[in-house]
Undergrad: 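Pasting a structure below so you can have a look.
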There are 2 protein chains.
Amino acid sequence: MARRQGSHGDITGPRVRAAALRLFARHGYAAVSMRQIAAEVGLQAGALYLYTPDKQSLLADLMVGHLDHLLAARAALPPLGGPAERLDQFARFHVNYHLDRPEAVFIAYMELRNLEPANFARVEALRRAYEEGVAQILRDGQAAGVFAPCDVRLASYALIAMLTGVTNWYREGGRLSRDQVAADHAALALRAVGAAPLSPAPAAG
Amino acid sequence: MARRQGSHGDITGPRVRAAALRLFARHGYAAVSMRQIAAEVGLQAGALYLYTPDKQSLLADLMVGHLDHLLAARAALPPLGGPAERLDQFARFHVNYHLDRPEAVFIAYMELRNLEPANFARVEALRRAYEEGVAQILRDGQAAGVFAPCDVRLASYALIAMLTGVTNWYREGGRLSRDQVAADHAALALRAVGAAPLSPAPAAG
DNA sequence: GTCTATACGATGATAGAC
DNA sequence: GTCTATCATCGTATAGAC
């Protein structure tokens, strides 16, 4: 291994990715220039190419990194027994995770079409693995008779879309607390598949 | 009124908008050039400016036009009495409408950040009016005691997000028919707010 | 109504000085 | 490791011929 002397790469690299994340989320991949990213970090445009082979790799790394982290975070949840408990747990996890990382989430959903085919395939595989986790909960719940029969794949997509939608409107410090929002979404998800919410329903509004 | 002689504007204008719709949906507003749009219609880049003042107006017109049409289509639905019937009708309408116009829908959801403030405000007002229609159904249902109490605005956003999510994965000619998909989503929506689906539940899958 | 030609700046990426 | 300078290309939009 070559020894790096006096390198700032270990710190500048992450700063480049963080700047790209912020700018891509705000303006879109296609609308952001390498010069803007460089300016955000305090570099010249040319220096960026020490940290990424090109703009496309920057996007792909952000998306793959996000999905890797998302899958790892879900895998680290405490194991629960019943399907209803697991769906409740998943819904709260998904909402909270997404509200914690609005920029990474936004990019992961909006910039798929800007991925080159090879990168798209990697990302799609990760997205599919995430969706499969929900599908498995639904299958188990139907087998146990606690969820209403319905097409599992359709329902998985629908639930994920519903839970992800929270990022479109939720603003920190608004009328609803984050826990309230997560709990409400968990209740909607459980009822949608025919199970009763685990905690008491919130007041109407 | 000035009289136009030998003008092709009446036919070329719509073709320009159609080409822009297709390209914006496929590659994103920022990634599409005026040259590409012109090539798609068979014009030179400069000639586009006979049909739109600039690229931004092209986007704004597409989005406002889409939302105007969406609101008009919903307003034209046959009036129904009960909240459950109205939510079922809305869910099927929303799914079918969105599956009919995937490109316009995609743009309306993805390109909001590329609208200049004045255009954004126009579009937001229309989106808000659409969401308010759902909120009213939920309020009526809660008042009638047929829907579970829950935050109406949160639930409206969640339901619309769920129903719109169908555009992310549904492909014509796939495993599920369009009517099946619309019916399943209507069932999920009704159950989510605590009401029983109106038609028999489909088989598990 | 459409064309060609063009203004003028920004783009992603590279080469080589320091 | 970062800079400056540069390349070839592309971007939106306009002017003026036909």
Side-chain angles (χ1 to χ4, degrees), chain A residues 1-24 26-63 107 111 113-119, chain B residues 1-24 26-62 107 111 113-116 118-119:
Chain A
M1 293 267 206
R3 195 162 50 104
R4 280 197 279 172
Q5 312 176 23
S7 165
H8 299 174
D10 295 348
I11 173 171
T12 307
R15 289 185 64 218
V16 168
R17 280 186 286 278
L21 178 74
R22 194 165 359 152
L23 290 169
F24 288 168
R26 184 128 42 191
H27 307 293
Y29 173 77
V32 172
S33 71
M34 294 298 268
R35 284 174 169 81
Q36 280 177 272
I37 299 171
E40 191 89 350
V41 184
L43 297 179
Q44 297 297 323
L48 283 183
Y49 292 85
L50 296 170
Y51 306 102
T52 180
D54 51 28
K55 193 185 177 190
Q56 168 72 201
S57 301
L58 214 39
L59 177 63
D61 286 351
L62 288 174
M63 294 185 70
I107 290 176
E111 303 294 356
R113 62 184 167 189
N114 286 311
L115 288 174
E116 290 167 1
N119 291 326
Chain B
M1 295 266 206
R3 194 161 51 104
R4 281 197 280 171
Q5 311 175 24
S7 164
H8 298 174
D10 295 347
I11 173 170
T12 306
R15 289 186 64 219
V16 167
R17 280 185 287 277
L21 178 74
R22 193 164 0 146
L23 290 169
F24 289 168
R26 185 130 41 192
H27 304 110
Y29 173 78
V32 172
S33 71
M34 294 297 267
R35 286 192 224 277
Q36 282 176 270
I37 299 172
E40 190 90 351
V41 184
L43 296 181
Q44 297 297 322
L48 283 183
Y49 293 86
L50 296 171
Y51 307 101
T52 180
D54 51 27
K55 193 185 177 189
Q56 169 71 201
S57 301
L58 214 40
L59 177 63
D61 285 351
L62 288 174
I107 291 176
E111 303 295 356
R113 62 185 166 187
N114 286 310
L115 288 174
E116 290 166 2
N119 290 328

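Proteins come first, then strands; the chains are lettered A, B, ... in the order of their sequence lines, and each starts at number 1. In what follows, every heavy atom counts, from backbone to side chain, and hydrogens, waters and symmetry copies are set aside.
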Undergrad: Verify side-chain contact (heavy atoms from CB on, under 4.5 Å) between A:N114 and B:H27, making sure each step is shown before the conclusion.
TA: CA-CA 7 Å; A:N114 286 311; B:H27 304 110; 5.9 Å; no
Undergrad: Pick base, sugar-phosphate or nothing for A:L43, based on heavy-atom distances below 4.0 Å to the nucleic acid.
TA: sugar-phosphate
Undergrad: Which is more 5' along DNA chain C, the nucleotide nearest A:A31 or the one nearest B:G42? Just name the residue.
TA: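 The residue whose closest nucleotide sits nearer the 5' end is B:G42.
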Undergrad: Any chance you could lay out the side-chain contact (heavy atoms from CB on, under 4.5 Å) test for A:I37 and A:L58, step after step, and finish with the verdict?
TA: CA-CA 11 Å; A:I37 299 171; A:L58 214 39; 4.0 Å; yes
Undergrad: What does A:V41 touch in the nucleic acid at a heavy-atom separation under 4.0 angstrom: a base, only the sugar-phosphate, or nothing?
TA: nothing
Undergrad: Looking at B:L115 and B:A60, what are the two nearest heavy atoms and their distance?
TA: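 Smallest heavy-atom distance, with atoms named: CD2-CA, 4.0 Å.
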Undergrad: In residues 33-40 of chain B, what residues come within less than 4.0 Å of DNA chain D, judged by heavy atoms?
TA: B:S33, B:M34, B:R35
Undergrad: Send over the distance from B:L59 CG to D:dT12 P, rounded to a whole Å.
TA: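 Value for this atom pair: 13 Å.
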Undergrad: In whole Å, what is the span from the OH atom of B:Y29 to the P atom of D:dG11?
TA: 13 Å
Undergrad: In whole Å, I'd like the distance from the NZ atom of B:K55 to the P atom of D:dG11.
TA: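 Atom NZ in B:K55 sits about 9 Å away from atom P in D:dG11.
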Undergrad: Any non-hydrogen side-chain atom of A:F24 less than 4.5 Å from a side-chain atom of A:K55?
TA: yes
Undergrad: For the backbone of A:E116 and the side chain of A:Q56, can you confirm whether one donor and one acceptor N or O come within less than 3.5 Å of each other?
TA: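 Pair found, side chain donor or acceptor close to backbone of A:E116.
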Undergrad: Nearest whole Å is fine: how far is C:dA10 C1' from A:H27 NE2?
TA: 16 Å
Undergrad: Which nucleotide wins on minimum distance to the side chain of A:Q44, given the candidates C:dA13, D:dC3, D:dA13?
TA: D:dC3
Undergrad: Given D:dT14, C:dC3, C:dG12, identify the nucleotide with an atom nearest to the side chain of A:Y49.
TA: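 The answer is C:dG12.
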Undergrad: Would the distance check show the side chain of B:Y29 and the main-chain N or O of B:R113 forming a donor-acceptor pair, the cut-off being under 3.5 Å?
TA: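 No, because the side chain of B:Y29 does not come within donor-acceptor range (under 3.5 Å) of the backbone of B:R113.
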Undergrad: Can you tell me the distance, in whole Å, between the CG atom of A:L48 and the P atom of C:dG12?
TA: 10 Å
